[in-house]
Structures are given as structure tokens and as C-alpha cells.
Amino acid sequence: MPKFRTPKNNRPTYIYRDAYGRKIAELRPGENGVTEAYINALHRADDDEQNAAKKDSYYGVFHYEQINDDGEDFSDEKQPDLADYAADPETQFFEALETAERSGAIKAAWDSLQPQQRDLILKKLLKRTNVSIADEEGVSEAAVRNRLAKIQKKFEEFLK
């Protein structure tokens, strides 16, 4: 990435610099067959290179569709930086369950639920909508919301 890019308002010439920023050569239009278009193309290439480097430093250089030397895709286990297991509601629930099992509050609340209530929670963890659950169970969407509210109250009582 060029550290010493020419400012956009001062680009009549193109200056070649070494890694330390020292001036090596300067191209001027009209000398040695150099045109303004050629100088503009060099500046544009520097801009593109610098913008790409900024983007890589911000987003990282990881690519989800990486291929290993054997031509096979990398599995998610080999790309831990790309995995977002924390966003999975089921993972969040069971992590909370494991954490709270030490105190026993969530486990006690879970054990106090009826099997239908447990099934309802698991369906919600699978990101099912209240409408689809209501259609499956043959009840209204309001009934599903009420059941969820009762379950929430039970958990709140146990967690107080």
C-alpha cells in the first residue's frame, strides 16, 4: 500500500518513491512520451490499491469460500474466525442453561414446565413464527402468544 500518495488536488506529475518515501523519479507530461492520461492512470492505480488495502484492514483478509491445496473447501471448523455460533438462539439457550445450572435456577424453571411448553420453547428457538406454530397446533396466534407470556413469567419467577 503506498503510504505517500499524491494529494488529489496536486496531481500534474507522478512521483515514484521508495519504501521510505524518498523521491526516486518524477514523471511529467510531455517528457519521454509520458501523457496526462498515463499519469492519471498511475494515480488511479495507487488510489485503487490504497482503497483495497484499507478495505482489507477493516474487514480482514478472510474469505468464506477459501479452497485448500487439495482443491477441497475448508470446513467451518477450520475457519473459527468466520463462525458466529454466538448468534444461534439454540446455542445461546443451552449456554445459558449450562451457566445457570450451577445455581439451578433455569434448570428448575425448565423442569417445572409442561412438555407442551417445552416443545413451544424449542419451536421458538428454531426461529418459527407464532403464526406457523399456531397453524400446526390448530390454535390462534393469540393463544401461542399467551402461552409464551406464561412461560416467560415462570422463568422470571425462578430467576428472581
Margin query: Please list all pairs meeting ring pair (Phe, Tyr, Trp, His ring centres under 6.0 Å) that have one or both residues in residues 112-143, counting only residues at least two apart or in different chains.
Written below: none
Next item on the list: Sequence neighbours left out, what pairs pass ring pair (Phe, Tyr, Trp, His ring centres under 6.0 Å) with at least one residue falling in residues 106-150?
Entry: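 Residue pairs with at least one partner in residues 106-150: Phe93-Trp110.
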Any chance you could measure [X], atom [atom1], to [Y], atom [atom2], to the nearest 0.5 Å?
{"X": "Arg22", "Y": "Ile24", "atom1": "CZ", "atom2": "CD1", "answer": "8.0 Å"}
{"X": "Asn146", "Y": "Ser140", "atom1": "CG", "atom2": "OG", "answer": "7.5 Å"}
{"X": "Asn130", "Y": "Leu148", "atom1": "CG", "atom2": "CG", "answer": "5.5 Å"}
{"X": "Gln117", "Y": "Phe155", "atom1": "CD", "atom2": "CZ", "answer": "9.0 Å"}
{"X": "Ile151", "Y": "Ile121", "atom1": "CD1", "atom2": "CD1", "answer": "4.5 Å"}
{"X": "Leu122", "Y": "Lys124", "atom1": "CG", "atom2": "NZ", "answer": "12.5 Å"}

Check: Can you name the residues that form a side chain to side chain donor-acceptor pair (under 3.5 Å) with Thr35, not counting sequence neighbours?
Finding: none
Notebook entry, point to check: Excluding sequence neighbours, so at least two apart, what forms side chain to side chain donor-acceptor pair (under 3.5 Å) with Arg44?
Noted result: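 By the side chain to side chain donor-acceptor pair (under 3.5 Å) rule, Arg44 matches no residue at all.
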Counterpart residues, salt bridge (Lys or Arg N to Asp or Glu O under 4.0 Å), relative to [X] (two or more places apart):
{"X": "Arg128", "value": "Glu136"}
{"X": "Glu36", "value": "none"}
{"X": "Lys23", "value": "Glu26"}

Margin query: Using every non-hydrogen atom in the two residues, find where Leu27 and Thr13 come nearest and quote the distance to one decimal.
Written below: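 Taking every non-hydrogen atom into account, O-CB, 3.1 Å.
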Checklist line | Worked verdict on Glu141 versus Ile133 for side chain to side chain contact (heavy atoms under 4.5 Å, CB included) | finding: CA-CA 8 Å; Glu141 191 261 341; Ile133 295 170; over 6 Å; no
Using the test side chain to side chain contact (heavy atoms under 4.5 Å, CB included), find all partners of [X] that sit at least two apart in sequence or belong to another chain.
{"X": "Gln116", "answer": "Gln114"}
{"X": "Val139", "answer": "Ala134, Glu137, Ala143, Val144, Arg147"}
{"X": "Asp111", "answer": "Lys107, Arg118"}

Item checked: Under-4.0 Å salt bridge between Lys153 and Glu157 ->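 Judged by the 4.0 Å cut-off on N to carboxylate O distance, Lys153 and Glu157 do not form a salt bridge.
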Margin query: Looking at Tyr38, is its backbone amide N or carbonyl O close enough to the side chain of His43 to form a donor-acceptor pair, meaning the two atoms are under 3.5 Å apart?
Written below: no
Check: When you look at Lys154 and Leu113, which way does the side chain to side chain contact (heavy atoms under 4.5 Å, CB included) test go after all the steps?
Finding: CA-CA 8 Å; Lys154 276 190 176 184; Leu113 295 176; 3.7 Å; yes
